[in-house]
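First the proteins, then the strands, lettered A, B, ... as listed; each starts at 1. All values derive from a computational prediction rather than experimental measurement.
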Amino acid sequence: MNKLNILKPDLSNLYFYIYTGLFFITVSIIDVFLYSFFNINITSFLPSTLSFILPLILGLIGLHFIRIEFTGIKNLDLLNKNINTTNFNAILTLLVIFIIIKSIPPIMSWFILDANIAGDSKEACTGTGACWTYIKIWLRRFVYGMYPNAEQWRINLSFISLLALGSVGYFATEKFKKYLTLYYVIIYPFIAFLFIFFFISGGPVFFEFSYGIIAFAISIIVGFFIPKKFKAWYFLLVPIILYISLKYFLFYEETIDLGKLDGFNWVETGAWGGLSLTFIVSFFCLIFCFPVGMFLALGRRSELPTVRYISIGFIEFWRGVPLITVLFMSSVMFPMFLPEDFFMDKLVRVIIAISLFEAAYVAEVIRGGLQALPRGQYDAAKSLGMGYWKMHILVILPQALKLVIPGIANTFLALIKDTPLIFVVGLLELVGMLNLAKTNPEWLGFAMEGYVFAAIIFWIICYAMSKYSYNLEIKYKTER
Amino acid sequence: MSDPIIKIENANKWFGDFQVLKDINLEVEKNKKIVVCGPSGSGKSTLIRCINRLEEHQKGKIIVDGVILDENTKNIEQVRAEVGMVFQQFNLFPHLSILDNCTLAPIWVKKMPKQKAEELAMKQLEQVQISDQAHKFPGQLSGGQQQRCAIARALCMEPKIMLFDEPTSALDPEMIKEVLDAMVNLAKAGMTMIVVTHEMGFAKEVADEVIFMDEGMIVEKAETKEFFAKPKSDRTKLFLSQIL
């Protein structure tokens with residue numbers, strides 16, 4: 001055995017140092033673990049200050065002992081290279097480990113061990129932890145708002161159908177792949193709009209909607225057998241003719257005695273709320289703000305002064321005002337400027353307001369991407385005879401949008417988290433419903449549970465979106 | 001003598017206060033190969049960029065294949081579809097494969113059926129000997145291969161005139177030859193070409209005429225042999241003595 005120098009661990013006594021070091025580290029971690037989980041202080045015989053920092057000292061000595069370079073033990077070398085490089089890093093590492101160990105018991109106890117979920121009233125919550133009963137009882141309200149219980153299947157069905165329609169991209173065959181952009185940019189939002197405002201909203205308009213869908217479906221199916229030459233005319237005329245004939249001749253209400261059936265019960269948008277409203281508002285704002293933002297970004301770089309100055313003015317106006325003001329204006333001021341018999345739903349106004357607001361941000365993000373492209377790309381596209389729109393659609397935008405995926409995801413996440421602000425116009429989505437529920441006299445004092453619940457839901461939505469944006473980035477990565 | 005396919009009359013251009021082109025007069029006949037040389041900043045790139053109006057000239061007249069280049073965008077797009085251009089920095093579209101780079105403009109600008117465009121593209125890629133790379137992306141190719149693809153891409157539009165803007169200046173020396181070979185083949189096939197380059201070997205081999213530009217003016221314009229054998233102006237002599 002070589003001479004030991006405990007200040008300078010070296011390779012010659014490798015195993016002595018490793019075993020002693022690991023022993024010290026284990027002791028320090030066990031000490032913290034026992035104290036935080038079982039409240040047993042095995043070093044209570046020491047003065048309290050020393051007892052408090054002892055695990056840190058022991059761990060530090062242990063990490064010092066195992067800090068030997070080129071041991072040939074793979075995991076040890078990795079550890080030394082990454083987190084055990086200096087004494088200072090060793091202390092930071094230990095602190096992080098201790099804080100994690102310390103914070104597990106209180107979190108566990110609040111969330112699970114001392115929490116209640118049984119029962120259906122406030123009295124069931126006897127533990128010191130969270131009262132999940134509150135969430136359980138109010139769940140319907142948190143998800144559907146004031147939407148009547150008996151009609152909630154309409155929301156479920158719409159969301160499931162939209163999800164199914166939205167996932168066709170995964171199953172599209174090679175032949176239909178080229179139509180996907182068209183589908184997602186124009187057709188899908190349109191279908192979603194019809195679903196939300198006619199199916200979820202309901203009312204007498206429902207039947208108009210179903211005629212439209214039937215006409216649309218029939219004309220698309222027949223459209224596949226129409227010679228290419230007549231296709232444009234066909235799709236221009238036939239759906240409209242079909243719609244009119246369906247409405248006024250075939251299903252003529254007196255003929256088939258449908259007069260009494262006037263669709264679903266009408267649920268006005270003021271009663272919508274909760275998580276489903278969060279989804280509706282976010283979905284439409286995302287879909288509308290993106291193309292508007294894209295056109296604004298192009299407009300701001302246009303060579304036509306009128307277009308450019310209008311775009312700059314628009315962007316700077318919306319970026320300059322707070323969202324809460326915009327929402328307030330949209331609900332209070334905007335109707336004053338409209339003719340008296342013109343009615344626009346509150347929710348529609350809110351969606352338009354948020355979309356325009358976020359479009360300004362999206363525009364600036366996309367402009368960043370446009371400016372990052374080398375001028376040569378424009379030259380090359382032009383020299384091949386492409387005009388402005390072909391150049392942008394085929395060459396410039398695909399590259400620019402790929403560059404700004406992180407920025408756009410950022411804006412979209414911010415948008416989703418801005419939706420609670422629609423409470424200023426009286427629309428209560430998830431957070432709005434929570435605020436309402438916490439002031440209910442029977443359920444006072446459970447704000448914490450509510451906000452934690454909302455935080456978890458929002459985190460799941462946002463994390464899913466950011467994960468999706470990462471996947472997109474990888475999918476469209478063509479450079480090395 | 002046939003009608004000139006490119007006709008430039010008294011073209012002038014300014015960048016701000018700086019005049020880059022001064023009273024340029026030039027006529028190029030069909031199937032002629034013109035090499036433009038000169039020191040950097042002499043306006044040679046600007047001149048050929050004016051021919052397909054990537055730059056606008058402010059005074060004078062440029063007529064390409066009977067079309068006057070002016071504010072009319074339809075005219076410009078028509079001219080650009082007939083004039084192929086190859087750039088110093090290749091400028092391939094990095095988000096498309098080599099094949100898609102070549103078929104993009106024929107399909108969308110010339111409305112060619114996809115299958116026909118792909119056949120044409122493969123033929124052109126074979127000409128420049130990179131048909132085996134057709135499904136790779138530009139980022140995976142060497143500089144010389146990228147530049148040859150750029151040539152093929154321009155040729156897929158079946159242009160009447162090809163413009164080359166220093167096509168070999170951004171390449172490693174050993175890749176210059178493969179690009180020049182492709183250009184020589186093209187010249188032998190009878191394409192009308194205007195080439196801005198410092199490769200005097202190429203000029204001697206294929207050019208019908210050499211133009212020497214300095215400070216925005218055409219200093220000397222002569223048959224290739226004459227240009228190298230007995231240049232007239234002192235400026236040209238100085239230039240040639242420095243680069244040869």
Does A:Gly376 offer a backbone N or O that forms a donor-acceptor pair with the side chain of B:Asn91 under 3.5 Å?
-> yes
Closest contact, heavy atoms only, B:Val109 versus A:Met386 | CG2-CG, 3.7 Å
So OG of A:Ser383 and CD1 of B:Ile51: to nearest 0.5 Å the spacing works out to 13.0 Å
Contact winner vs chain A - B:Leu92, B:Leu163, B:Val79, heavy-atom pairs under 4.5 Å = B:Leu92
Taking everything shown except A:Phe314 itself, do over 12 heavy atoms lie less than 6.0 Å from its CZ?
-> yes
Look at atom CH2 of A:Trp318 and say whether more than 12 heavy atoms of other residues, nucleotides or ligands are closer to it than 6.0 Å.
-> yes
Part of A:Lys382 lying under 4.5 Å from any heavy atom of chain B | both
Might you point out which heavy atoms bring A:Ala380 and B:Phe93 nearest each other, and give the distance in Å?
-> CB-CE2, 3.9 Å
Sort out for me which residue in B:Glu55, B:Met85, B:Gln89, B:Arg49 forms a side-chain contact (heavy atoms from CB on, under 4.5 Å) with A:Asp379.
-> B:Arg49
Which of these, B:Arg153, B:Arg80, B:Glu77, sits in a side-chain contact (heavy atoms from CB on, under 4.5 Å) with A:Leu384?
-> B:Arg153
Should B:Leu104 and A:Val395 count as side-chain neighbours, where that means a heavy-atom distance under 4.5 Å?
-> yes
Can any side-chain N or O of B:His95 pair as donor or acceptor with the backbone N or O of A:Lys402 at less than 3.5 Å?
-> no
Non-hydrogen atoms of chain A under 4.5 Å away: do they reach the side chain of B:Phe87, the backbone, both or neither?
-> side chain
For A:Tyr184, does the OH atom have more than 12 heavy-atom neighbours from other residues, nucleotides or ligands under 6.0 Å away?
-> yes
